[in-house]
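These notes are about the structure you will find just below.
Below, chain A is the first sequence line, B the second, and so on; all start at residue 1. Fair warning: this is a prediction, and the values are worked out from it, not measured in the lab.
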4 protein chains.
Amino acid sequence: MSEKQTVPSSVKDTRLIQIRREQMIKGAISLFKEKGFHRTTTREIAKASGFSIGTLYEYIRTKEDILYLVCDQIYDEVQEKIKRALHFRHVTKETIKEGIAAYFKIMDELQDEVLVMYQEIKSLPREMLPVVLKKELEMVAVFEDLLRRYFDQKGSVVSDEQIRLYAHNIIVQGQMWGFRRWALRKHYTLEKYTEWQFHLLINGIDQISK
Amino acid sequence: MSEKQTVPSSVKDTRLIQIRREQMIKGAISLFKEKGFHRTTTREIAKASGFSIGTLYEYIRTKEDILYLVCDQIYDEVQEKIKRALHFRHVTKETIKEGIAAYFKIMDELQDEVLVMYQEIKSLPREMLPVVLKKELEMVAVFEDLLRRYFDQKGSVVSDEQIRLYAHNIIVQGQMWGFRRWALRKHYTLEKYTEWQFHLLINGIDQISK
Amino acid sequence: MSEKQTVPSSVKDTRLIQIRREQMIKGAISLFKEKGFHRTTTREIAKASGFSIGTLYEYIRTKEDILYLVCDQIYDEVQEKIKRALHFRHVTKETIKEGIAAYFKIMDELQDEVLVMYQEIKSLPREMLPVVLKKELEMVAVFEDLLRRYFDQKGSVVSDEQIRLYAHNIIVQGQMWGFRRWALRKHYTLEKYTEWQFHLLINGIDQISK
Amino acid sequence: MSEKQTVPSSVKDTRLIQIRREQMIKGAISLFKEKGFHRTTTREIAKASGFSIGTLYEYIRTKEDILYLVCDQIYDEVQEKIKRALHFRHVTKETIKEGIAAYFKIMDELQDEVLVMYQEIKSLPREMLPVVLKKELEMVAVFEDLLRRYFDQKGSVVSDEQIRLYAHNIIVQGQMWGFRRWALRKHYTLEKYTEWQFHLLINGIDQISK
DNA sequence: GATGAATGAGTTTTCATTCAT
DNA sequence: GATGAATGAAAACTCATTCAT
């Protein structure tokens with residue numbers, strides 16, 4: 001949240017910065033969805049944001065800053081939604097299913113945003129990349145934690161490394177729902193997709209930790 | 001192969017077309033790896049290919065043609081390697097493991113190429129996209145087939161839709177090894193990665209098809 | 001002094017105008033020294049002056065006004081210093097030496113300012129140029145007067161035109177000390193420079209007026 | 001001459017480079033004369049040169065390269081003219097007069113060019129400045145040499161440092177004729193100016209070396 | 001078939017100036 | 001009187017593409 005201040009602005013009023021950047025991000029995302037980062041011009045972003053090109057540059061330094069702001073914001077949104085959905089005391093099979101379902105649902109809702117983000121991440125300036133990758137790992141950590149507690153409660157002994165891999169798998173399967181919609185949508189509803197992926201996982205891990 | 005003729009050239013000599021395009025693709029891939037499609041100029045590609053910008057345009061119509069050629073060629077390479085690795089009569093658990101291992105190995109070897117391809121696919125001209133997505137499905141089909149035969153041999157009844165999902169999972173896990181190397185490489189060797197993913201899958205599906 | 005009122009201000013309080021403009025000129029000179037007039041932005045000038053861009057524009061109309069104010073101020077400073085240094089009743093060879101030395105010393109002290117002024121004068125709006133050139137001639141006149149009195153006292157007959165040329169020479173040699181410091185500093189101290197230039201001049205003119 | 005290759009061009013044909021750069025320099029000088037370097041746009045230069053903005057940038061990298069090319073070319077022109085005018089075996093008072101007269105004449109002819117050059121030199125990129133200042137010193141050296149031979153032939157003993165100063169004076173007086181034309185033209189013809197400056201110098205130095 | 005010079009529309013970014021608060 | 005957010009014209013520079021040789 002306050003990390004957005006990573007990108008300097010020549011405007012002083014922080015309240016205003018927040019407002020304008022929100023407009024900017026909103027405008028940018030819808031353009032990036034349509035034509036990608038490189039084919040979107042800063043002028044278009046300014047226009048879509050509802051202000052002039054001059055004003056746009058009062059709130060960022062370079063076009064790449066916009067991309068960073070966009071990625072940052074999408075991560076925050078996803079994370080916030082996930083964290084709101086997942087706080088279980090006791091972790092059972094059912095809990096895991098709910099967790100995965102919640103996450104997949106979010107990825108379904110934010111499909112376009114997520115698509116944009118992962119396709120343009122490579123265009124981020126080198127120095128901003130680590131910040132973004134860190135956020136990705138934080139999301140993995142959410143499921144690592146969930147799985148770890150599941151195994152602990154079951155009394156199974158599974159290595160951290162293995163758990164991490166399963167968590168990565170979950171995260172990637174969520175993204176996959178967005179990225180491969182051209183193929184998956186024809187055959188699965190989100191519910192079916194969720195159910196089958198969950199079963200595959202739970203059967204797999206229960207077998208392993210036996 | 002002959003599909004490459006999708007991209008017209010003003011040169012007649014097909015032998016020459018093939019040679020020049022190979023040079024082009026090779027040069028382009030190494031540039032795309034480094035700086036991505038959009039940040040690579042046609043001049044750079046011409047130079048890296050060993051001929052002039054004028055000559056480059058004798059063999060393609062637009063810059064995007066190069067991207068198509070590149071994607072097409074990478075797919076062909078991956079497919080060819082996979083098909084060479086997988087032709088089993090009898091499909092057992094072991095066979096599946098070998099299949100996955102072969103595929104992951106190929107994805108590991110062609111890591112950069114695959115990264116490039118999936119990140120730039122969205123820049124393909126609309127009309128070329130289906131061709132490329134079709135190739136993606138062909139790759140999925142390879143594992144669909146493998147799994148189908150595995151279940152048949154086991155006498156399990158599993159729906160095509162479910163099998164297709166598992167196949168997608170395998171394909172995505174191969175790509176994931178390339179895309180998330182920044183995170184995975186720290187914790188897993190390709191062998192460990194392969195083994196764990198295989199176990200998760202086989203345990204999962206054996207359980208399901210019981 | 002009152003000529004500065006050439007530049008209109010929307011502020012009424014003349015005392016305030018003076019204060020603000022002094023701050024402005026000081027800030028501007030140091031920036032112009034560093035990066036020249038064109039590469040300095042009005043925002044930077046406002047900041048260096050200690051007030052906002054809005055306030056800056058309460059005291060000037062255009063960026064060029066600042067340049068005028070700067071030039072004007074430097075001339076005033078040089079002139080004032082010269083006039084303070086030169087008021088001789090009786091003009092002898094020695095007096096001339098003192099005059100030249102005083103002038104060169106001032107040019108040495110105000111080196112950066114003078115450099116700035118002469119390099120940016122051409123950027124003054126056409127209508128302000130005459131005012132500034134007039135000041136330049138006033139400085140020439142100081143030495144014309146000195147030389148005229150020297151010749152009169154010696155009883156030599158030398159034309160006004162010739163005297164004017166010598167005066168121009170002196171003025172230019174002072175500027176030259178600033179402009180060519182990159183070359184002169186390596187070989188001469190200000191004292192040596194002054195002495196040799198003075199000797200060359202005095203020997204030259206004494207010979208001529210014989 | 002070959003030093004112009006200091007500025008890289010993406011065009012290979014050196015003959016063409018020379019032609020285009022000549023056009024460019026010619027166009028640029030006339031624009032710089034009129035409005036200075038900063039107020040002249042690259043598009044204007046391209047247009048004045050008779051080709052498109054794209055073509056302009058095939059022959060230079062940045063706008064500042066043009067300034068360098070312009071300065072370089074003016075120096076070369078001045079130097080070449082001077083060297084053609086001055087090659088005396090025996091150096092007498094008369095020779096010196098001829099030398100000065102020739103130099104002043106050149107400065108009179110190339111007045112605008114010289115004005116442009118000295119006013120914009122400060123805008124040269126840092127790394128190009130030394131090249132240009134070196135050329136300035138070469139011009140000083142021409143007169144150092146002349147004066148040295150004059151004194152030697154007369155048998156006078158005068159230090160190198162003193163001679164260098166006189167040479168600088170000559171160079172500066174030539175420039176002064178261009179820079180202060182607004183004041184000097186009213187009172188002197190080039191001939192009168194030359195004659196009086198020569199007399200002042202020769203009387204001065206003859207007196208000194210006595 | 002190969003070359004590379006020419007083109008100019010299009011891109012990012014800057015900055016003097018205004019004006020509502 | 002002071003502030004600083006907003007503006008948009010203008011600037012430097014790029015690059016895919018063409019076409020005469």
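- Nucleotides of DNA chain F nearest to A:Tyr59 and C:Gly50 differ in position, and the one nearer the 5' end is that of C:Gly50.
- With respect to B:Glu58 and B:Arg21, no salt bridge is recorded, no charged nitrogen being found less than 4.0 Å from a carboxylate O.
- Salt bridge status for D:Lys122 with D:Glu64: absent, with no side-chain N to carboxylate O gap under 4.0 Å.
- Mapping heavy-atom proximity under 4.0 Å, the span of DNA chain E touched by chain D runs 5' to 3' from E:dG4 to E:dG10.
- Under the side-chain hydrogen bond (donor to acceptor under 3.5 Å, both in side chains) criterion, C:Glu44 pairs with C:Lys35, C:Thr41, sequence neighbours left out.
- B:Ile74 contributes atom CD1, which lies 9.5 Å from atom CZ of B:Phe32 (distance to the nearest 0.5 angstrom).
- In summary, the side chains of C:Gln23 and C:Arg20 do present a donor paired with an acceptor at a separation below 3.5 Å, with no hydrogens or angles considered.
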For DNA chain F, the dot-bracket pattern of Watson-Crick and G-U pairs whose distances stay under 3.5 Å, | for other-strand partners: .||||||||||||||||||||
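- Among residues two or more places apart in sequence or in another chain, the ring pair (Phe, Tyr, Trp, His ring centres under 6.0 Å) test is passed with D:Phe51 by none.
- Two residues, D:Leu56 and B:Ser52, neighbour DNA chain E, and the one matched to the more 5' nucleotide by heavy-atom proximity is B:Ser52.
- Under a 4.0 Å N-O distance rule, the pair C:Lys33/C:Glu113 qualifies as a salt bridge.
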Protein-to-nucleotide contact annotation, 5' to 3' order, nucleotides 10-15 of chain F [B base; S sugar-phosphate only; - none; under 4.0 Å, heavy atom]: BSBBBS
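- Applying the side-chain hydrogen bond (donor to acceptor under 3.5 Å, both in side chains) rule to A:Thr55 yields the partners A:Ser52; only residues at least two apart in sequence or on another chain are considered.
- What you find for D:Val131 and D:Tyr68 is that their closest heavy atoms are CG1-OH, 3.3 Å.
- Heavy-atom nearest nucleotides on DNA chain F were determined for A:Val11 and for C:Leu16, and the one closer to the 5' end corresponds to C:Leu16.
- Residues B:Leu56 and B:Ile45 come closest through the heavy atom pair CD1-CG2, 4.2 Å.
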